[in-house]
There are 2 protein chains.
Amino acid sequence: MAHALDLVGDRWALLVVRELMRGPKRYTDLGERLPGIGTNILATRLRDLEGHGVVRRSILAPPAASKVYELTEYGRELRPAMRALAEWGARSLGPPTDESGFFPGWLGNLIDSMLAPHAPAGRLELRALGDETASLVDGEAVDGPVERPDVVVEGKPVDVYSMVVTGRPDQVHVHGDKGLLAELLRAVQPTAAVQS
Amino acid sequence: MAHALDLVGDRWALLVVRELMRGPKRYTDLGERLPGIGTNILATRLRDLEGHGVVRRSILAPPAASKVYELTEYGRELRPAMRALAEWGARSLGPPTDESGFFPGWLGNLIDSMLAPHAPAGRLELRALGDETASLVDGEAVDGPVERPDVVVEGKPVDVYSMVVTGRPDQVHVHGDKGLLAELLRAVQPTAAVQS
DNA sequence: CCGCATCCCCAAAGATACTG
DNA sequence: CAGTATCTTTGGGGATGCGG
């Protein structure tokens with residue numbers, strides 16, 4: 001445990017890994033998806049994680065030729081631990097209280113951490129009005145819309161979020177296979193009432 | 001994830017939880033088992049963890065009447081996440097280089113994090129000469145010796161440690177059911193050679 | 001713009017001493 | 001034993017700069 005925390009226990013480190021878990025990212029994109037991190041900290045974390053064999057720097061093939069950070073195989077092996085930690089945290093996390101706190105990538109992260117582990121086969125698209133769209137395709141989170149979705153959920157960001165944590169599609173519009181959505185929401189661990 | 005880290009992401013927090021995972025402990029005992037923590041940090045962590053519903057203070061029944069800290073039900077639910085993190089860390093952890101670093105409780109922690117998750121039924125006793133003795137009884141770590149052990153392993157602390165991380169009982173003495181020990185060591189994930 | 005390095009400032013962490 | 005008080009040091013947040 002202590003050694004694991006030496007590798008990824010620093011502040012922000014696991015959140016950097018979380019972002020990279022969904023694919024390689026550029027430095028600036030990472031900064032946007034981690035509001036409040038500060039550029040020096042991000043640079044330091046990436047350097048440390050690289051030194052620890054968790055993250056690797058890579059140059060995209062020309063003509064793209066831009067630098068990206070990606071997880072090593074060892075870094076990807078953190079997935080079970082991160083899933084377990086996220087599910088534990090979710091059990092004491094209530095619905096959002098306001099419209100804020102929706103930073104770039106939040107919807108993808110929500111799908112990846114709360115829906116993907118329990119997802120039945122199928123193509124689900126979530127549209128947060130005026131914000132982002134992300135999808136869940138056969139258990140994998142995908143950014144943006146998806147072709148021929150089985151079911152589409154549409155609503156304000158806070159209502160999409162609430163649907164996931166409460167398990168009830170109350171304030172959102174659902175098009176398509178409502179049974180599939182119901183099945184998914186039933187499979188998601190209901191947020192137990194853990195008194196804070 | 002971010003919320004989980006708000007609860008247990010501070011430095012030392014998960015190590016405090018790790019110690020309490022093996023039973024209630026007094027303040028001073030926690031301090032001894034967490035070398036380097038500093039009394040103020042320990043007090044702050046315990047207060048924060050209590051505020052977050054992870055730890056609870058409790059007074060032992062008279063005439064013992066001493067204060068102890070213990071995990072709440074929610075705190076105990078961290079076990080899967082901690083196991084996953086510990087196993088991940090263990091894959092990049094080599095054998096110890098010197099005789100130091102063996103603080104009170106190290107043997108119990110070693111058994112709990114590396115052996116217990118894979119243990120077959122049986123009673124195993126580990127004796128670190130001149131240091132500690134701890135046991136593994138049907139998959140659960142127990143401090144101290146055990147009655148009628150099926151197999152006893154005895155050796156210098158560093159050699160007991162090495163046996164666990166390398167999977168080979170080379171520098172230690174084994175009494176009793178060597179087959180059971182071999183079965184256990186085989187079940188333990190071999191420490192993959194992850195280049196640092 | 002992207003990808004950082006630098007600088008300043010402050011809050012939190014560490015070490016140590018001390019106390020009910 | 002179970003912490004609090006005090007002091008020092010480290011690390012994070014925020015702004016800025018700067019070469020590619």
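Heavy atoms only: backbone and side chains are in, while hydrogens, waters and symmetry mates are out. Numbers restart at 1 for each chain; the letters A, B, ... are given by sequence-line order, proteins then strands.
- The shortest non-hydrogen separation linking B/Ala4 to A/Leu85 is CB-O, 3.5 Å.
- Of all nucleotides listed (C/dC4, D/dG12, D/dG3), D/dG3 comes nearest to the side chain of B/Lys67.
- Whole-Å rounding puts the B/Leu42 CG to D/dA2 C1' distance at 10 Å.
- Distances shown here put every side-chain N or O of B/Arg57 at or beyond 4.0 Å from the OP1 or OP2 atom of D/dA2.
- Sorted by residue number, the members of residues 25-36 of chain A with any non-hydrogen atom under 4.0 Å from DNA chain D read A/Gly36.
- A/Ile37 comes within contact range of the sugar-phosphate backbone alone, with a heavy-atom separation under 4.0 Å but no base atom that close.
- Take the nearest nucleotide of DNA chain C for B/Arg45 and for A/Leu46: the residue whose nucleotide is more 5' is A/Leu46.
- For A/Asn40, whose side chain is taken as the heavy atoms from C-beta onward, the closest listed nucleotide among C/dG14, C/dT6, D/dA2 is C/dT6.
- Whole-Å rounding puts the A/Glu50 CD to C/dC4 C1' distance at 14 Å.
- Counting only heavy atoms from C-beta on, B/Ile41 has its side chain closest to C/dA13 among C/dA13, D/dT4, C/dC7.
- OP1 or OP2 of C/dC4 lies within a sub-4.0 Å distance of a side-chain N or O belonging to A/Tyr69.
- For B/Thr39 against D/dA2, no side-chain N or O and base N or O form a donor-acceptor pair under 3.5 Å.
- Of the side-chain N and O atoms in A/Trp12, none sit less than 4.0 angstrom from OP1 or OP2 of D/dG11.
- We find that A/Arg22 and A/Asp143 are joined by a salt bridge, their nearest charged nitrogen and carboxylate oxygen being less than 4.0 Å apart.
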Side chain to side chain donor-acceptor pair (under 3.5 Å), that's the test. Do A/Glu183 and A/His118 meet it? Break it down for me.
CA-CA 10 Å; A/Glu183 185 187 349; A/His118 312 284; over 6 Å; no
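- Salt bridge status for A/Asp112 with A/Arg83: present, with a side-chain N to carboxylate O gap under 4.0 Å.
- Summarising the geometry, the separation between CZ on A/Arg11 and C1' on C/dC10 is reported as 13 Å, rounded to the nearest angstrom.
- B/Glu70 pairs with exactly one of B/Arg76, B/Lys25, B/Arg56 by the salt bridge (Lys or Arg N to Asp or Glu O under 4.0 Å) rule, that one being B/Arg56.
- Contacts of A/Asp10 with the nucleic acid, taken as non-hydrogen atoms under 4.0 Å apart, are absent.
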Output, in order, the C-alpha distance, side-chain angles, deciding distance and verdict of side-chain contact (heavy atoms from CB on, under 4.5 Å) for B/Leu136 and B/Leu126.
CA-CA 8 Å; B/Leu136 179 62; B/Leu126 292 184; over 6 Å; no
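- Applying the 4.0 Å criterion to OP1 and OP2 of D/dG3, one finds that B/Arg47 has every side-chain N and O outside that range.
- Ring geometry for A/Trp88 versus B/Tyr74: interplanar angle under 30°, hence parallel rather than tilted (30 to 60°).
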